[in-house]
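A quick write-up on the structure given underneath.
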Amino acid sequence: MNFAQIQQQEHDSMMPTYGRFAAALCEGRGALVKDVEGKEYVDFTSGIGVNSLGYCDEGWVKAVSAQAGKLQHISNLYYSPVQTELAARLCALTGFGKVFLCNSGAEANECAIKLARKYSVEKYGKERTTIVSLLNSFHGRTVTTLAATGQDSFHNYFFPFTEGFRYAKADDMASVQECVDEHTCAVLIELVQGEGGVMPLSRAFVTQLADFCKQRDILLLVDEVQTGVGRTGSLYCYEQYGIHPDVITSAKGLGGGLPVGACLCTEELGGVMGPGMHGTTFGGNPVVCAGALEVLSRVADEGFLQQVREKGGYLRRKLEAMPNVAQVRGMGMMLGVAPQKGTSKELAAACVQQGLLLLTAKEMLRLLPPLTISYEEIDRGLAILQQVMAGRDQQD
């Protein structure tokens, strides 16, 4: 089918839940992808941070294919060696005690919320269940994770939302303290607010917050759905802040392209969620776990992470030197660009026309390239962005 036919089929058959760019993608390798008309694009999105090793990485394809040829799925009523291997690997790499495997970031955050509330109810009573999150945050699209999201625009239509959330200002300990009371069981944060505009939290705030929570036995939950698995230059972003949370959630880049989520907790919390308390049909799927193990075997290497930091620094320097750029912010290869002229949506659409895929986050252009992207691919993509930004800068 050509693009027009695919577009019509989507219109006829699918709920209109996505604002799509004008490209129908069908094959790719590395950081390059082609559409059905044969046009090639440089991808600075990696499927919103999912394709951590790029498109169709040879090692990843081999691992996934081999597992699919042996056993594609079993229920969680039985043991799975590839599942337990992934869990053990995550614990060994992070120092956490236990893992729950699921299918997405929203599901991982749901698990973290349930775990925090059950821990607190059992220890302090059923009135201690409130969770404080940050304004401008994003934690998922289920009814509960929408409630946890600190943006009013998401709190519409789907009433009644799950109760028990309060929202503090980011980088403002006084605001956190105002939200915390005797009913608070946890604080949930993103270290870089991705959907909120690529906004890193300050180290001073995060350190203060961690100490504050520890003193009060309030669990610190860190949503690493987008920042994790090498994206910011360390395996998980919390490492760069000098803290060790009680719980972190992971997804996106962990599976290398297949749906996976993980909720990791300390040894102390490891037995909170017993049999029947939580579960999933597809979580820990053998094929997905095989892909995740291949991702971790590469991304967790310090040499690989050093390359992510170097590429991120290179990208930042090039972006800061571009016309029509007011600000660049972010960490590692999770970067946001604030344009001086033009909206992020129209600039991203113009880039697609010229052969570059970009994301947006509010007023920002957002870059989440594959972690394996080459410097040649970076330069090719930046040349297109430079052309688009310069052209908009010259308009009145």
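A donor-acceptor pair under 3.5 Å is absent between the side-chain atoms of Q151 and the main chain of G196, judged by distance alone. The backbone N or O of Q340 lies less than 3.5 Å from a partner atom in the side chain of N324, making a donor-acceptor pair. Between the K318 side chain and the L382 main chain, no donor and acceptor come within less than 3.5 Å of each other. Looking at N51, its side chain never comes within 3.5 Å of a backbone N or O of Y55 through a donor-acceptor pair. Judged by distance alone, with hydrogens and angles left aside, the side-chain atoms of S120 form a donor-acceptor pair with the main-chain N or O of R128 at under 3.5 Å. Using modelled atom types, one side-chain atom of R316 and one backbone atom of G330 make a donor-acceptor pair closer than 3.5 Å. Side chain of Q327 to main chain of V337: no donor-acceptor pair is present (N/O by atom type, distance under 3.5 Å, no hydrogens or angles). A distance-only check finds no donor-acceptor pair linking the side chain of T129 to the backbone of R117 [under 3.5 Å]. No donor-acceptor pair under 3.5 Å is formed between the side chain of E107 and the backbone N or O of S104. Judged by distance alone, the side chain of Y241 and the main-chain N or O of L201 form a donor-acceptor pair under 3.5 Å.
Few gaps surround CD on E346; more than 12 heavy atoms of other groups in view lie less than 6.0 Å from it. Summarising the local packing, NZ of K118 is surrounded by more than 12 heavy atoms from other residues, nucleotides or ligands at distances under 6.0 Å. More than 12 heavy atoms of other residues, nucleotides or ligands sit less than 6.0 Å from atom CZ of R216. E37 CD: more than 12 foreign heavy atoms inside a 6.0 Å radius.
Taking CG of D35 as the start and CD of E40 as the end, the distance is 10.0 Å to the nearest 0.5 Å. Put simply, CG on N136 and CD on E195 are 10.5 Å apart, with the number rounded to the nearest 0.5 Å. Taken from CZ in F96 to OH in Y236, the straight-line distance is 9.5 Å, to the nearest 0.5 Å. Between the CD1 atom of I131 and the OG1 atom of T162 there is a distance of 10.0 Å, given to the nearest 0.5 Å. The distance from the OH atom of Y124 to the NE2 atom of H183 is 15.0 Å, given to the nearest 0.5 Å. Of the inter-residue distances, the one linking L367 atom CG with M334 atom CE reads 11.5 Å to the nearest 0.5 angstrom.
N103 and T280 form a side-chain donor-acceptor contact under 3.5 Å, judged by distance and modelled atom types alone. Side-chain contact annotation: E310 with Q306, donor-acceptor N/O pair under 3.5 Å present. Looking only at atom types and distance, the side chain of Y119 has no donor-acceptor partner in the side chain of D246 under 3.5 Å away. Inspection of the E224 and T227 side chains reveals an N or O donor paired with an N or O acceptor under 3.5 Å.
Using bins of under 30°, 30° to 60° and over 60° for the plane-to-plane angle, the ring pair H73/F282 lands in the tilted bin. Between Y314 and Y375, the angle of the ring planes goes over 60°, which puts this pair in the perpendicular group of the 30/60° scheme. Below 30°, between 30° and 60°, or above 60°: for H244 and Y238 the angle between ring planes is above 60°, a perpendicular geometry.
Of the candidates R366, R231, Q193, R366 is the only one forming a side chain to side chain donor-acceptor pair (under 3.5 Å) with Q226. Applying the side chain to side chain contact (heavy atoms under 4.5 Å, CB included) test between V260 and each of V295, L254, V50 identifies L254 as the sole match.
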For this session: Would you sort out whether Q240 and S234 count as a side-chain hydrogen bond (donor to acceptor under 3.5 Å, both in side chains), showing the intermediate values?
Result: CA-CA 7 Å; Q240 299 183 57; S234 53; 3.0 Å; yes
For this session: Mind running salt bridge (charged side-chain N to carboxylate O under 4.0 Å, His left out) on E302 and R309 for me, showing each step along the way?
Result: CA-CA 10 Å; E302 179 53 36; R309 294 191 289 271; 2.5 Å; yes
Problem set entry | Chi angles and distances behind the salt bridge (charged side-chain N to carboxylate O under 4.0 Å, His left out) call for E110, K114 | CA-CA 6 Å; E110 289 265 357; K114 288 176 69 175; over 6 Å; no
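If you chain together hydrophobic residues whose side chains sit under 4.5 Å apart, L86 and V247 never meet in one group.
A salt bridge between E85 and R89 is absent, with no side-chain N of the basic residue lying under 4.0 Å from a carboxylate O of the acidic one. Salt bridge absent: K62 and E58 never bring a charged side-chain N and a carboxylate O closer than 4.0 Å.
In this structure, the ring of H155 has its center no less than 6.0 angstrom from the ring center of F165. In summary, the aromatic rings of F161 and F159 are positioned with their centroids under 6.0 Å apart.
The shortest distance between side-chain heavy atoms of V82 and L71 does not fall below 4.5 Å.
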